[in-house]
Amino acid sequence: MLQVNVLRNDPNFVKERLAVKHFKQVELVDEIIALDDDRKKTQVEFDNTQAKINAASKEIGKLMATGKKDEAEQAKLEVGAWKLEVEKHKEALELLEKKLTDSLVILPNLPCAKVPIGKTPEENINVKQAGEIPTLYEGAKPHWDLIKQYNLVDFETGSKITGSGFPLYKGKGAKFQRALSQYFLDFNTDAGYTEFIPPYMVNEASAYGTGQLPDKEGQMYHATADNFYLIPTAEVPVTNIYRDTIVKESDLPIKMTAYSPCFRREAGSFGSDVRGLNRVHQFEKVEIIQIVDPAKSYEVLDEMVAHVEKLIQSLELPYRILALCGGDMSFASAMTYDFEVYSAAQQKWLEVSSVSNFEAFQTNRMKCRYKNAEGKMQFAHSLNGSSLALPRIYASLIENNQTVDGIKIPKVLQKYFGAEEIV
RNA sequence: GGUGAGAUGGAUGAGUGGCUGAAAUCACCAGUUUGCUAAACUGACGUACGGGUUAAACUGUACCAAGGGUUCGAAUCCCUUUCUCACCGCCA
């Protein structure tokens, strides 16, 4: 959530930035400032009345103590009138505060200055492309056929157990999946990230903290009996470790990584890009998260991008890095780089990682603050990225490494998988 | 699921209606001093939203798990909820 002061300081700048994100209700900015003015005014009225009551109550205590009962009774009557007044102010104040946060919560994060202008994915900027796109043998198959051929994933039985989009990995297919997540976690912890195994369901406050609520209500699975949400990414539980906390400056940067299954309803997604492992409701992902000094968050964003790039390179996959344009960025992000790998048989770029700087958008919601050198309290910045999402890596690895005799396993994965190929 | 005990500032922990935004101790920070490490002493030391100021100073209100209630006045009394701990039950 944006801070009201950010809007106050330069409303036109805020509107201009919101337009980059193609946010329609720009007039909200002025409404919010007006609401905040009202709120301040009402608070002064409330505070002043309450102060009178507090002072009078103290006086009454003294009168009682010295036995001046009549005077005390007289004072009580006076206070009674003020109490009615203060009650009115309080109600008005609460109403204004609610309106204010309700509006504030609707505003997406402001894209930073480097964000490309654009509305659709086609307008994302290709920052870098590297790696060899392999030339496959005649008759090479897309991963959904390979999966059948080598008996790696059973979609039909997954559907029987739960529904479509819930894959059942088996045998070598399951082990390959495990090898990937193990390798990713080790790669991250070697780079100084602390590993966590978080809860896979979160409460409302946590979903709100990272911005899934209220924006993406319908995209999460909701266990209504307990009002828990299945996590769409480990970002949610892990970032919320620092909800309502004040961290020490010396603790920054905080670097965390976690493997988790991710659950997404993907309501409204359909079409050819949902085949096989391209888009599923339950998938595995290893996430990296950092909480950092605001002055350094863009430096850290670059560092995280470089980290993910190194990981993808180690898998020997062709990849490209995109700077997302304003219209394609997520609600909470100020700057996002997407990583896509090329899946050679289906001849498609698949998004496998998204690395974002949220600046103070999440930390403001979560009230994650730290004291800077001057002793001033301020919001830390939060960032996260996938390192990496498994299914599409899985798909591209088996497609790109297929031979007529079997699927070759990249070097770095062999010790985790325990073999050099899938036959 | 049952029973019981609890929840106070960074930590420990006192506080059962007004003198408590909160004792004390520890930690942290600043300073003094002994040759370093360390110790001793002195001082400062919660958060949020306001008012005020060039900036401070200063100042109002709220906050003792959360929400409600009683009262002129609540950390303190009452109700509800959540969480923690212990024991029992059930169970991977």
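In this text, all values refer to a predicted model and were calculated from it rather than measured experimentally.
With no hydrogens or angles considered, a side-chain donor-acceptor pair links D338(A) and S354(A) at under 3.5 Å.
Taking atom P in both rA66(B) and rA74(B), one finds a spacing of 16 Å when rounded to whole Å. Straight-line distance between the P atoms of rG68(B) and rG18(B): roughly 24 Å, to the nearest whole Å. Taking atom C1' on both rA57(B) and rA5(B), the two are 48 Å apart, rounded to the nearest angstrom. Nucleotides rU47(B) and rC64(B), compared at atom C1', are 13 Å apart to the nearest Å. rU12(B) sits 15 Å from rC28(B) when the C1' atoms are compared, rounded to a whole Å. Look at the C1' atom in both rG51(B) and rU34(B): the space between them is 49 Å, to the nearest Å. The gap from the P atom of rC19(B) to that of rA62(B) amounts to 13 Å, rounded to the nearest Å. Rounded to a whole angstrom, the distance from the P atom of rU20(B) to that of rA38(B) is 37 Å.
Base-pair partner of rA75(B): not found among the strands shown (Watson-Crick or G-U wobble, both distances under 3.5 Å). rA92(B) is unpaired under the criterion used here, namely a Watson-Crick or G-U wobble arrangement in which both key atom distances are under 3.5 Å. For rA40(B), the paired base is rU32(B) (Watson-Crick or G-U wobble, both distances below 3.5 Å). rC85(B): Watson-Crick or G-U partner is rG4(B), with both key distances under 3.5 Å. Under the Watson-Crick or G-U wobble criterion, with both distances below 3.5 Å, rU20(B) has no partner in any strand shown. The nucleotide rC49(B) finds its pairing partner in rG60(B), both defining distances of the Watson-Crick or G-U wobble pair being shorter than 3.5 Å.
Between N54(A) and rU61(B), a side-chain N or O to OP1/OP2 separation shorter than 4.0 Å is present. When the side-chain nitrogen and oxygen atoms of K83(A) are compared with OP1 and OP2 of rG73(B), one or more of them lie within a distance under 4.0 Å.
Under the 4.0 Å criterion applied to side-chain N and carboxylate O atoms, K76(A) and E73(A) are assigned as salt-bridge partners. Ion pairing between a basic and an acidic side chain is recognised when a charged N comes within 4.0 Å of a carboxylate O; E303(A) and K255(A) show such pairing.
Within the 4.0 angstrom heavy-atom criterion, no nucleotide atom of any strand lies near A75(A).
Contact annotation: the side chain of Y370(A) never approaches that of D251(A) to less than 4.5 Å [non-hydrogen atoms, C-beta and beyond].
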Polar pairs (N or O, both sides) under 3.5 Å between protein and nucleotides 46-50 of chain B?
| unit_1 | atom_1 | unit_2 | atom_2 | d |
| --- | --- | --- | --- | --- |
| rU47(B) | OP1 | K371(A) | NZ | 2.8 |
| rU47(B) | O3' | R369(A) | NH1 | 3.0 |
| rA48(B) | OP1 | R369(A) | NH1 | 3.2 |
| rC49(B) | O3' | R39(A) | NH2 | 2.4 |
| rC49(B) | O2' | R39(A) | NH2 | 2.8 |
| rC49(B) | O2' | Q43(A) | OE1 | 2.5 |
| rC49(B) | O2 | Q43(A) | NE2 | 2.8 |
| rG50(B) | OP1 | R39(A) | NH1 | 3.3 |
| rG50(B) | OP1 | R39(A) | NH2 | 2.8 |
| rG50(B) | O5' | R39(A) | NH2 | 2.9 |

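Distance, D70(A) CG to rC72(B) C1': 15 Å, rounded to whole Å. Per the geometry, NZ belonging to K76(A) stands 10 Å off P belonging to rU71(B), to the nearest Å. We find that NZ of K69(A) is positioned 14 Å from P of rC72(B), with the value rounded to whole Å. Spacing between atom CG of N203(A) and atom P of rA65(B) amounts to 20 Å, rounded to whole angstrom units. Whole-Å rounding puts the E73(A) CD to rC72(B) C1' distance at 9 Å. Put simply, CD1 on I60(A) is 19 Å from P on rG17(B), counting in whole angstrom units. What separates CD1 of I53(A) from P of rC72(B) is a distance of 12 Å, to the nearest Å. Atoms CG (D244(A)) and P (rG10(B)) sit 12 Å apart, rounded to a whole Å.
In summary, of the residues considered (N124(A), T336(A), T120(A)), a side-chain hydrogen bond (donor to acceptor under 3.5 Å, both in side chains) with D328(A) occurs for N124(A) alone.
If N48(A) and K62(A) are placed on RNA chain B by their nearest nucleotide, the residue sitting closer to the 5' end is K62(A). The 5' end of RNA chain B is approached more closely, in terms of each residue's nearest nucleotide, by F46(A) than by the other of F46(A) and K90(A).
Put simply, OG1 on T257(A) and CG on N384(A) are 11.0 Å apart, with the number rounded to the nearest 0.5 Å.
Taking the ring centroids of F176(A) and Y394(A), they lie under the 6.0 Å cut-off.
The salt bridge (Lys or Arg N to Asp or Glu O under 4.0 Å) test applied to R39(A) returns D36(A), not counting sequence neighbours. E287(A) is linked by a salt bridge (Lys or Arg N to Asp or Glu O under 4.0 Å) to K285(A), counting only residues two or more places apart in sequence or in another chain.
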